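Owing to the predicted nature of the structure, the values given are computational and were not obtained by experimental measurement. All chains are named by letter (A, B, ...) in the order of the sequence lines, taking the proteins before the strands, and each is independently numbered beginning at 1.
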Amino acid sequence: MSESLLDRQRRLVEFMTNGAVIFGDRQSSPSPPAGIDPGLLAVEARFSYAKRMEKITAVLPKTVELLDDRRGRVVRDFIDACPQETISRLENARQFVQFLSARELHEAPDPPYLSDVAACELACAAVDADSESPLSETDDGNRSIARRGIRRSRSAVLLRCRYDVRSVFEAGADRVAPARRDTPLVIVMRASADCPQVFEVAAAIFDLLGSLNDWTDLPGHEDGGSELSELVEHLEKQGLIEVRG
Amino acid sequence: VGIGYRAAIGDWTRANLKHFDVIEITVDHCISGSRSTRSAIFDLVGRIPLTAHGVGLSLGTDAPLDDAYLDQVAAVVERLGSPAYSEHLAFTRVPGIDTATLLPLPKTEAIAGKLIAKVRAVQARMPVPFLLENITYVFDWPDSAMTDAEFLSLICRETGAGLLLDIENVYLNATNHGFDPYEFLDALPVGIVKEMHVAGGVTIHDQSLSRPLFADSHSHPVPEPVLDLLEYALARQMPSVIILERDDRLEASNEILDDIARVRARVHRVRAGER
């Protein structure tokens, strides 16, 4: 029985995404699909690999830079472990960040704040991409419920870092090693901003924001004057929460 | 005549709209691009005609089409007010692995039959005509039994789909695989071409190759032989859109405007009956 087209396509794609093929390790390369020049396939494989790494580097420039001379080894391990699943820049970057996190379980990260930087860059890209549909600017269906309340901004991402990595992203501050301390961050895209902003917030605020996935009643906050209403007003101004009613 | 929208030169593109008659929008950028990219693209609606092009369908994968993706594409096409939606006659992925690279299919009647069914399914979901684009390919399958032109023509004829003819790809394939690009153009039915692409690539010298390979990098000015092919094709085809594709060395904006002028000059020559 002849091989199906899908089986042939799968064998070709598996060959093209094989690390040994991409990195020219002929002894470890699998057999190429019959009748196709493996040299040509290797060239195509390297095109595909280069495009993928361009996408990842575009989302995670600081992370890739921090890998420094370990980059080749880490990327090779990544390619072997994680075939490309989609064409999306964000999803390829997410795969790389997850790979780095998993790697930390058996190999100490170098620098130690690598995965915090990666998570921060990924969160910024995710906020910029906006998880809501670009084709439908409607809300989540709760709009018709005329109740007062607050919830975390749909564009805000919460990120708890082991290091204060914000200095890594500040111009001219590349050489300052981030301090090791619990750092609760919120990454948010304000309506008027061109790019996401990263805030450090108090641990209690971080926990509060974490609990505000859905619209939540806060009795009395709308009356003004109280500490609670001032906090709500402040968080709304920062773009961290949405208020209705 | 226009260019494909690229976010990296979005500001420059908006400032230079007067140089273009049309802008090609990659629908995938509208679906999964950043908020700023999407906003900038949709801001062009009503300012200049837009035409929709896709890279994420993987029409040739021997598996069911992604209906959810097609519904998103249809919504983008409507929002753009595009007169057509084009995709590549290729596959990029199998379930679980996506190479993000346009790969060829075996050119046989059996494979054409599978593609005809797929094209009809796409047409049924799209609010506008569907166009197929010819790709450039580094390798071919050993069982390919039809020429590129025969394969494309068969699928277009059976489905009524138009062709987005990438002239650069014809030139590269002819050079890399040793066929006459003019014979290819002669073999296409008159009127089948609805849109065209032109671009400039690079030559790759790789130790694993027995000869240099011409690659479709969209990075350099359109070579004169590609413009010659464009002019030849325009004598038999009447595309409503010609798009310059440029993805690299985007800072060389003078090259982009110069290429647009060179394409326009060839169009005018054909219209003036000089060919």
Side-chain angles (χ1 to χ4, degrees), chain A residues 2 4-14 16-17 21 24 26 32-52 54-55 58-59 83-92 125-136 155 189 193-196, chain B residues 8 28-39 41-42 55-56 58 60-63 71-72 74-76 78-79 91-106 108 110-111 114 137-144 176 204 206-210 213 215-217 247-248:
Chain A
S2 65
S4 74
L5 176 60
L6 183 60
D7 288 340
R8 297 175 71 193
Q9 290 176 322
R10 181 176 294 283
R11 276 208 301 134
L12 181 92
V13 166
E14 285 175 350
M16 278 183 55
T17 52
V21 173
R26 289 187 183 178
I36 302 179
D37 181 341
L40 292 174
L41 281 182
V43 168
E44 197 75 287
R46 286 194 283 276
F47 284 155
S48 175
Y49 158 74
K51 274 195 279 187
R52 186 185 190 193
E54 261 180 42
K55 290 175 187 173
V59 175
Q84 181 167 205
E85 292 173 353
T86 80
I87 62 171
S88 158
R89 286 198 324 178
L90 190 60
E91 291 310 314
N92 276 285
V127 165
D128 189 37
D130 188 5
S131 58
E132 286 181 41
S133 166
L135 306 171
S136 164
S155 72
M189 178 75 97
D194 290 335
C195 59
Chain B
D28 306 85
H29 296 165
C30 301
I31 293 169
S32 57
S34 70
R35 182 182 357 208
S36 54
T37 296
R38 297 193 311 256
S39 169
I41 288 172
F42 290 127
V55 295
S58 196
T61 298
D62 189 20
D71 287 344
Q72 287 182 299
V76 169
E78 287 216 78
R79 189 162 170 189
F91 80 103
T92 59
R93 63 173 176 262
V94 295
I97 311 177
D98 195 327
T99 67
T101 298
L102 299 164
L103 299 168
L105 293 150
T108 67
I111 301 297
K114 286 174 180 275
Y137 50 90
V138 168
F139 68 90
D140 199 1
W141 294 84
D143 51 327
S144 281
N176 287 332
I204 292 175
D206 189 290
Q207 59 182 8
S208 63
L209 300 175
S210 56
L213 187 74
D216 187 27
S217 58
D247 290 306
D248 207 354

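For the residue pair A/L6 and B/D62, the shortest heavy atom distance occurs at N-OD2, 3.2 Å. Scanning all heavy atoms of the two residues, the minimum distance from A/L5 to B/K114 falls at CD2-CD, 4.1 Å. Across all non-hydrogen atoms, the minimal contact from A/E14 to B/I97 is CG-CD1, 3.8 Å. Heavy atoms only, all atoms of each residue included: B/R35 and A/S155 are closest at NH2-CB, 4.0 Å. Taking each heavy atom of B/L102 and A/E44 in turn, the nearest pair found is O-OE2, 4.3 Å. A pairwise comparison of heavy atoms in A/Q84 and B/A100 identifies OE1-CB, 3.9 Å as the closest pair.
Side-chain contact between B/D98 and A/S88: absent, with no pair of heavy atoms (C-beta onward) separated by less than 4.5 Å. Annotation: side chain of B/F91 is in contact with side chain of A/V13 (closest heavy-atom distance under 4.5 Å). No side-chain heavy atom of B/T99 sits under 4.5 Å from any side-chain heavy atom of A/K51.
Contacts of A/E54 classified as salt bridge (Lys or Arg N to Asp or Glu O under 4.0 Å), with partners at least two apart in sequence or in another chain: none. A/A125 meets the side-chain contact (heavy atoms from CB on, under 4.5 Å) test with A/V59, A/L90; sequence neighbours excluded.
Between chain B and the options A/T17, A/L12, A/N92, the largest number of non-hydrogen pairs under 4.5 Å is found for A/L12. Interface remark: of the candidates B/I204, B/V94, B/I111, B/V94 forms the most heavy-atom pairs closer than 4.5 Å to chain A. By number of non-hydrogen pairs under 4.5 angstrom with chain A, the leading residue of B/S36, B/P95, B/G33, B/G56 is B/P95. With chain A as partner, the option from B/L213, B/T37, B/D140, B/L103 having the largest number of non-hydrogen pairs under 4.5 angstrom is B/L103.
Interface residue A/A34: only backbone heavy atoms are found under 4.5 Å from chain B. Residue contact with chain B, scored on non-hydrogen atoms closer than 4.5 Å, involves the side chain of A/R26 exclusively. Using a 4.5 Å cut-off between heavy atoms, B/A110 makes no contact with chain A at all. Residue A/D37: no heavy atom, backbone or side chain, is found under 4.5 Å from chain B. The contact between B/D28 and chain A is made entirely by side chain atoms (from C-beta outward), counting heavy-atom distances below 4.5 Å.
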(request) Give the intermediate values and the outcome of side-chain contact (heavy atoms from CB on, under 4.5 Å) for residues B/S32 and A/E91. (result) CA-CA 10 Å; B/S32 57; A/E91 291 310 314; over 6 Å; no

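With salt bridges taken as basic N to acidic carboxylate O contacts below 4.0 Å, one links B/D143 and A/R8.
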